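The chains referred to below are lettered A, B, ... by the order of the sequence lines, with proteins before strands, and numbering in each begins at 1. Treat the numbers as computed from the prediction; the structure is a model and nothing was measured.
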Amino acid sequence: MIRNQIAEHVRQAIAAAQAAGALPAFDVPAIEISRPKDPTKGDYATSIALQCARAARMAPLAIGQAIVQHMAPADFIGAVEVAAPGFINFRLSGRWLSGLVATIEAANGRYGDINLGRGQTCQVEFISANPTGPLHMGSARNAVLGDTLANIMVAAGYVVQREYYVNDAGTQMRTFAETLYRRYLQQFGQDAPLESHHYQGVYMVDLAREIVAEHGDHFLAMPAEETIAALSDIGLTKILASIRASAEKLRVRFDRWYSERSLYEPGGTFEFVLGKLREAGVMAVRDGAEWLLTSRFGSDRDEVVIRSSGQPGYYASDIAYHYDKFVLRGFDRVINVWAVDHQNQARRMPYLMAALGLDPARLTIVLYDLVRLYRDGQEVKLSKRSGDIITVDEVVDEVGADAVRFLLLTRSNQAVMDFDLNLAVAQNDENPVYYVQYGHARMAGILRKAAERGFPPEQWKHGDLQLLGHARELALLRKMLDLEEVIEHAALTCAPHNLAFYALDLARIFHEFYRDCPVISGEQDDPALACARLRLVAATKAVFARVLGLMGVNAPDSM
RNA sequence: GCCCCUGUAGCUCAGCGGUCAGAGCGGGUGCCUUCUAAGCACAAGGUCGCAGGUUCGAAUCCUGCCAGGGGUACCA
């Protein structure tokens with residue numbers, strides 16, 4: 001990354017200045033290179049002179065001058081300036097910048113890849129919605145965040161596994177089965193009213209109807225408990241199939257669907273981990289329940305693992321599941337994407353990790369806020385219980401996966417998102433996804449037209465990049481140069497929305513270029529420039545395709 | 001009560017310690033015989049919730065307050 005090269009260059013300049021006596025000896029802090037907000041200041045800047053002023057007992061400006069005077073020339077540096085109150089501003093050379101096109105070409109569609117992860121394994125667990133009904137829009141946000149984050153981690157050099165944790169154990173599953181049982185009986189005219197805690201949604205009626213169609217009255221003759229158990233399995237299979245289909249509509253696929261219930265098989269993970277924790281002496285029986293003593297690891301409370309009823313609590317699953325992730329399967333890192341209503345649980349996970357003897361830093365919980373759906377200015381309420389739900393399928397069918405994915409990525413994770421169905425479906429310039437896709441389509445159009453007019457790729461692929469020097473061309477190059485840093489930042493902060501805003505920026509800069517720099521309409525005047533610009537356009541197209549690809553959004557060649 | 005998140009242009013939101021506060025949309029004015037006008041240009045629009053503090057420097061960090069949302073179970 002060029003930023004690191006500049007930092008190293010500055011470090012050497014300081015050492016040289018100190019060796020020459022232009023600067024006194026002092027410990028040099030880590031040199032941070034930032035991007036000035038104001039592009040007229042330069043491409044990169046460092047405040048190192050300001051930071052060293054006290055240690056060096058010199059005025060920041062004088063320090064800056066001394067550093068710059070002892071800086072070796074480098075091909076990537078176009079200009080260096082010291083600016084008040086003590087910044088050193090760098091401008092990249094046009095020659096070096098235009099060479100970025102060749103770098104992008106050589107990357108073969110993978111420009112932007114970095115080696116932050118160094119091949120470590122990273123599991124991203126996301127959606128993991130209770131398998132008791134169709135996916136709603138909150139889960140869609142989870143799906144898009146998790147899937148995009150997984151893509152980002154791959155680009156950042158991790159080996160990634162995508163997992164859906166199926167909550168097929170516990171009370172919500174029991175409630176689901178009871179509901180299904182009653183809906184099944186109702187299909188045969190029996191009086192089996194739902195209670196308030198049951199799932200009221202009409203999809204449960206549809207499910208019961210489907211089961212009647214496939215199995216008839218077969219279950220009526222069986223004892224209730226047996227029927228409930230059977231319906232539980234059948235219903236779970238069907239719901240999971242529908243969740244899988246909904247996820248695929250959003251272009252989300254999992255490497256593994258992990259069953260919570262499997263943790264509790266005899267001799268399974270839960271038993272094993274519980275034994276280990278008891279052995280380690282971090283379990284205690286109190287009030288008839290068995291607790292994990294997380295207070296020993298910094299928590300303000302202990303957690304119930306086995307309830308006084310003898311049933312494991314939800315913390316039990318977390319313990320076994322995360323032991324499985326880190327110890328049995330050996331992931332170096334794990335990212336869980338959870339909705340904010342799990343914030344309390346999220347806060348306790350580090351203590352659980354510590355109790356398991358694992359470094360809490362290996363687990364990252366990404367919390368995201370609610371999605372509020374609006375249609376015609378009115379909020380559309382979501383509730384699985386009441387049955388008044390807007391499903392992912394309905395929204396994707398209405399607005400398309402591209403718009404859903406892009407819009408869900410235009411908000412930072414921890415911000416409540418108002419999802420405007422009218423905006424999403426709008427096939428016009430109000431919808432930012434088209435602004436970006438249109439940029440890609442225009443590039444494809446240029447390349448297509450170029451081929452028609454006697455400029456096929458073999459004609460321009462060796463075009464002279466040194467001819468690129470127009471302000472719009474350089475602006476485009478600078479933006480493309482940012483991609484590695486954007487991916488790094490997105491990976492470090494688990495913030496996929498950075499990609500959406502990057503794509504929007506890149507599109508704007510491309511559209512400006514498009515207007516001011518005709519690529520092939522002026523080729524009769526300067527075919528060499530046309531060739532250079534065609535290379536630039538092809539590289540830009542590749543960058544657009546890459547960013548949109550990371551977001552799971554299509555990059556159309558025409559619109 | 002305590003904890004977490006959010007409060008930035010008319011609207012929806014980026015930016016989260018640096019050198020004149022940004023984008024998209026909406027509203028105003030221009031630009032299509034020339035690579036797709038789903039575009040571009042120009043102008044307009046902001047006490048970065050409020051008050052203190054830290055710092056050479058704060059929208060960004062700290063404290064307090066105000067407003068909105070979420071969380072605080074032997075539910076998941």
When the aromatic ring centroids of A:His511 and A:Tyr435 are compared, is their separation below 6.0 Å? yes

Please report the distance separating the C1' of B:G57 from the corresponding atom of B:G53, rounded so that it comes out in whole Å. 15 Å

Proximity to the side chain of A:Ala415 - top-ranked nucleotide from B:U72, B:A14, B:A76: B:A14

Choose from B:A76, B:C20, B:U36 the nucleotide whose nearest atom is closest to any side-chain atom of A:Ala441. B:U36

Which part of the nucleic acid, if any, lies within reach of A:Ala84 when heavy atoms closer than 4.0 Å are counted: base, sugar-phosphate only, or nothing? base

Given B:U34, B:G39, B:G71, which nucleotide is nearest the side-chain atoms of A:Ser521? B:U34

Heavy atoms only, 4.0 Å cut-off, all strands: where does A:Ser412 land among base, sugar-phosphate and nothing? sugar-phosphate

5' priority, RNA chain B, between A:Lys449 and A:Ala289 [closest heavy atom]: A:Lys449

Partners passing side chain to side chain donor-acceptor pair (under 3.5 Å) against A:Thr410 (at least two apart in sequence or in another chain): none

Point-to-point distance, once rounded to the nearest 0.5 Å, from CD of A:Glu488 to CD of A:Glu484: 9.0 Å

Distance between C1' atoms of B:A9 and B:A44 (Å, rounded): 11 Å

To the nearest Å, how far apart are A:Phe513 CZ and B:G39 P? 18 Å

Ring center gap for A:Tyr164 and A:Phe126 short of 6.0 angstrom: no

A:Arg141 side-chain N/O to A:Asn413 backbone N/O, donor-acceptor pair under 3.5 Å: yes

Do A:Asp369 and B:U6 have a side chain to base donor-acceptor pair shorter than 3.5 Å? no

Spacing of A:Arg411 atom CZ relative to B:G69 atom C1', expressed in whole Å: 16 Å

Ignoring hydrogens and angles, answer whether the base of B:C13 and the side-chain atoms of A:Thr410 contain a donor-acceptor pair closer than 3.5 Å. no

Distance-only, no hydrogens or angles: does the A:Ser521 side chain make a donor-acceptor pair with backbone N or O of A:Pro518 under 3.5 Å? no

Pairwise P distance, B:G45 and B:U6 [rounded to whole Å]: 30 Å

Are any of A:Arg442's side-chain N or O atoms less than 4.0 Å away from OP1 or OP2 of B:G39? no

Hey, is the side chain of A:Lys41 poking within less than 4.0 Å of OP1 or OP2 on B:C20, counting only N and O atoms? yes

Do A:Phe270 and A:Tyr264 make the cut of ring centroids closer than 6.0 angstrom? yes

By the 4.0 Å heavy-atom rule, please label A:His342 as base, sugar-phosphate, or nothing. base

B:U33 - base-pair partner by Watson-Crick or wobble geometry, distances under 3.5 Å: none

Taking B:G69 as the reference, what is the distance to B:A23 when you measure between their C1' atoms (whole Å, please)? 25 Å

Is the Lys NZ or Arg CZ of A:Arg35 less than 6.0 Å from the centre of A:Tyr44's six-membered ring, within 45° of the axis? yes

5'-most by nearest nucleotide on RNA chain B - A:Leu447 or A:Leu367: A:Leu367

Expressed in whole Å, how much space separates the P atoms belonging to B:C48 and B:C61? 15 Å

Between B:G7 and B:G49, how far is it from one P atom to the other, in whole Å? 8 Å

Nucleotide paired to B:A23 in any strand shown, Watson-Crick or G-U, under 3.5 Å: B:U12

Length of the CG-C1' vector between A:Leu61 and B:C56, whole Å: 11 Å

Separation of B:G15 C1' from A:Gln414 CD (nearest whole Å): 17 Å

Residue A:Pro85, side-chain atoms from C-beta onward, closest of B:G70, B:G18, B:A76: B:G18

Measure from CG on A:Asp402 to P on B:A38 and round the result to the nearest Å. 18 Å

When rounded to the nearest Å, what value does the distance between P atoms of B:A21 and B:G46 take? 14 Å

From C-beta outward on A:Arg301, which listed nucleotide comes closest to its side chain: B:A73, B:A76, B:U19? B:A73

Between A:Tyr321 and A:Tyr258, does the ring centroid distance fall short of 6.0 Å? yes

Of the candidate nucleotides B:A76, B:G71, B:G15, which contains the atom at the shortest distance from the side chain of A:Glu260? B:A76

From C-beta outward on A:Tyr438, which listed nucleotide comes closest to its side chain: B:A14, B:U19, B:A37? B:A37

Does A:Cys52 reach a base, just sugar-phosphate, or nothing at all? Heavy atoms under 4.0 Å. nothing

Which nucleotide, B:A38, B:C20, B:G71, lies nearest any side-chain atom of A:Tyr434? B:A38

Across all strands, who's sitting opposite B:A59 as a Watson-Crick or G-U wobble pair, both distances under 3.5 Å? none

Under 4.0 Å, heavy atoms only, any strand: does A:Asp516 hit a base, just the sugar-phosphate, or nothing? nothing

Only pairs with both distances under 3.5 Å count, Watson-Crick or wobble alike; so what is the partner of B:A67 in this structure? B:U6

Between A:His497 and B:C13, does any side-chain N or O lie under 4.0 Å from OP1 or OP2? no

Using Watson-Crick geometry (N1-N3 plus N6-O4 or O6-N4) or G-U wobble (N1-O2, O6-N3), each under 3.5 Å, B:C42 is paired with B:G28

Could you check how far CD of A:Gln51 sits from P of B:C56, rounded to whole Å? 13 Å

Could you please name the option among B:G70, B:U55, B:G18 that lies closest to any side-chain atom of A:Ser47? B:G18

Is a donor-acceptor contact shorter than 3.5 angstrom present between the side chain of A:Tyr314 and the base of B:A76? yes

Could you tell me the separation between the CZ atom of A:Arg35 and the P atom of B:G17, rounded to a whole number of Å? 17 Å

Rounded distance in Å - CZ (A:Phe406) to C1' (B:A23): 11 Å

What contact category does A:Asp300 fall into here, base, sugar-phosphate, or nothing, at under 4.0 angstrom with non-hydrogen atoms? nothing

For the P atoms, the ones on B:U63 and on B:C4, what distance do you get once it is rounded to whole angstrom? 9 Å

Contact class for A:Asp287 vs. all strands (heavy atom < 4.0 Å): base, sugar-phosphate, or nothing? base

Taking any heavy-atom pair under 4.0 Å as a contact, classify A:Ala45: base, sugar-phosphate, or nothing. base

Of the listed B:G71, B:A14, B:A23, the closest approach to the A:Arg508 side chain comes from B:A23

Reckon A:Leu504 touches a base, only the sugar-phosphate, or nothing at all at heavy-atom distances under 4.0 Å? nothing

